[in-house]
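First comes the structure, then the notes that go with it.
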Amino acid sequence: MSTRIPFLKGHGTENDFVIVPDPENAVDLPPAAVAALCDRRAGIGGDGLLHVVRSAAHPEAKGMAAEAEWFMDYRNGDGSIAEMCGNGVRVFARYLQRAGHVAEGDLAVATRGGVKTVHIAKDGDVTVGMGKAVLPEGDVTVSVGERSWPARNVNMGNPHAVAFVDDLSHAGDLLSPPPFSPAAAYPDGVNVEFVVDRGPGHVALRVHERGAGETRSCGTGACAVAVATARRDGADPTVTGTPATYTVDVPGGTLVITERPDGEIEMTGPAVIVAEGEIDADWLDTATRA
């Protein structure tokens, strides 16, 4: 390992990431190292880490190398491995563009959740194909204090409970997971979105992400909210053949979600690189062993 490791810092609607370019997969990033880098007081700070590796150089991505040159080896801020992060893919694509690896237009990004299609627009926004939503049957209820609401169960590869409320303040402080029932609906916990209408085709949300608390943005959550809102509004593109598009305000900005007639969901939003520098490898080694 060199004494200096390049890094960048970026965010998508204030979902922020440490970016470590490592085309040949030469940098060792055990969970403790990732957690140290993502620490907001003692490290660089981030909701997660984007390890940028050529697919052919990573054992988990070699099988996708023919479809996607680059692999997003995504890690959560605590160092654990995750399959996908919609906001992360947009920032990952922005880094590839900044580094000269890709240009405006279409590209494919390998993730643990499969190969994702990405489009970098001339106006700077990035669109990511997020796959299809699954809507499990059964009634779900979420609660905050003495209030409770029916919620729509939407799975975007991870579970979501979408509740429509009169005011976003009714979600409370979101410091602890909102109770839900029945317990069997989400045996591994759930991301809970509280949603209000802002106008035709326009909603706003607050979200409690399982294991993280309230976050500034959740890409899969915004997709789940758009699908739940469409069904509430009587729209199902797979039935009508007409795309359904919603503007979704998150605390950190705005995303545009489109559900196509084939059921595929696209998420469009900004992706920003805010800084770049070098990590001191000796510090990282010490922090990792601490």
Side-chain angles (χ1 to χ4, degrees), residues 12-13 64 67-68 83-90 92-93 104-111 113-140 149-165 185-186 190-205 207 217-250 253-271:
T13 51
M64 295 180 278
E67 297 178 73
E83 288 189 351
M84 236 292 281
C85 174
N87 288 321
V89 173
R90 296 203 317 278
F92 188 91
E104 293 172 357
D106 297 327
L107 69 143
V109 174
T111 76
V115 175
K116 302 300 179 182
T117 57
V118 180
H119 179 80
I120 303 174
K122 290 183 179 180
D123 65 6
D125 278 351
V126 180
T127 298
V128 179
M130 297 290 286
K132 299 179 180 181
V134 175
L135 286 77
E137 296 292 334
D139 296 330
V140 175
W149 304 268
R152 190 69 187 246
N153 189 348
V154 183
N155 194 292
M156 286 297 306
N158 56 353
H160 297 267
V162 180
F164 294 92
V165 300
Y186 305 108
V190 64
N191 304 288
V192 182
E193 285 82 25
F194 298 89
V195 186
V196 296
D197 288 294
R198 293 293 192 220
H202 188 181
V203 296
L205 69 81
V207 56
S217 182
C218 177
T220 57
C223 293
V225 164
V227 171
T229 306
R231 300 303 183 272
R232 183 205 62 177
D233 294 346
D236 183 345
T238 64
V239 174
T240 64
T242 302
T245 298
Y246 285 86
T247 298
V248 181
D249 294 339
V250 298
T254 298
L255 297 166
V256 177
I257 312 298
T258 296
E259 186 180 9
R260 304 188 326 215
D262 62 2
E264 292 290 329
I265 297 170
E266 296 178 335
M267 175 179 67
T268 300

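Along the sequence shown, the residues carry numbers beginning at 1. Computed from a predicted structure; not experimentally measured.
Of the inter-residue distances, the one linking N87 atom CG with M267 atom CE reads 5.0 Å to the nearest 0.5 angstrom. To the nearest 0.5 angstrom, T220 atom OG1 is 7.0 Å from E193 atom CD. For the atom pair CG (D125) and OG1 (T254), the distance works out to 10.0 Å, reported to the nearest 0.5 Å. D106 CG to T117 OG1: the interatomic distance, rounded to the nearest 0.5 Å, is 8.0 Å. The line from CD of E259 to CD of E264 is 10.0 Å long, rounded to the nearest 0.5 Å. Residue T268 holds its OG1 atom at 9.0 Å from NE2 of H119, rounded to the nearest 0.5 Å.
For E104, the CD atom is densely surrounded, since the number of other residues' heavy atoms within 6.0 Å is greater than 12. The 12-atom threshold is not exceeded at CG of D139, counting heavy atoms of other residues, nucleotides or ligands nearer than 6.0 Å.
Taking each heavy atom of A108 and V115 in turn, the nearest pair found is CB-CG1, 3.7 Å. Of all heavy-atom pairs between K116 and G129, the closest is CD-O, 3.6 Å. Annotation for W149 and A163: closest pair CB-CB, 4.1 Å, computed over non-hydrogen atoms. Of all heavy-atom pairs spanning V118 and A93, the tightest one is CG1-CB, 3.8 Å. Nearest heavy atom pair, residue V196 against residue V165, reads CG1-O, 3.3 Å. The nearest pair of heavy atoms linking V140 to A185 is CG2-CB, 4.1 Å.
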_side-chain contact (heavy atoms from CB on, under 4.5 Å) evaluation trace for M156 with I265_ = CA-CA 10 Å; M156 286 297 306; I265 297 170; 3.8 Å; yes

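N153 is linked by a side-chain hydrogen bond (donor to acceptor under 3.5 Å, both in side chains) to Y186, counting only residues two or more places apart in sequence or in another chain.
The shortest side-chain heavy-atom distance between R232 and R152 does not fall under the 4.5 Å cut-off. Side-chain contact between E83 and T111 is absent, with no heavy-atom pair separated by less than 4.5 Å. You'll find the side chain of R90 reaches within 4.5 Å of the side chain of L255, heavy atoms only. Residues M130 and I257 have side chains not in contact (no heavy-atom distance under 4.5 Å, counting atoms from C-beta outward).
Judged purely by atom type and a 3.5 angstrom limit, D249 has no side-chain atom pairing as donor or acceptor with the backbone of L205. Between the side chain of N155 and the backbone N or O of G157 there is at least one donor-acceptor pair closer than 3.5 Å.
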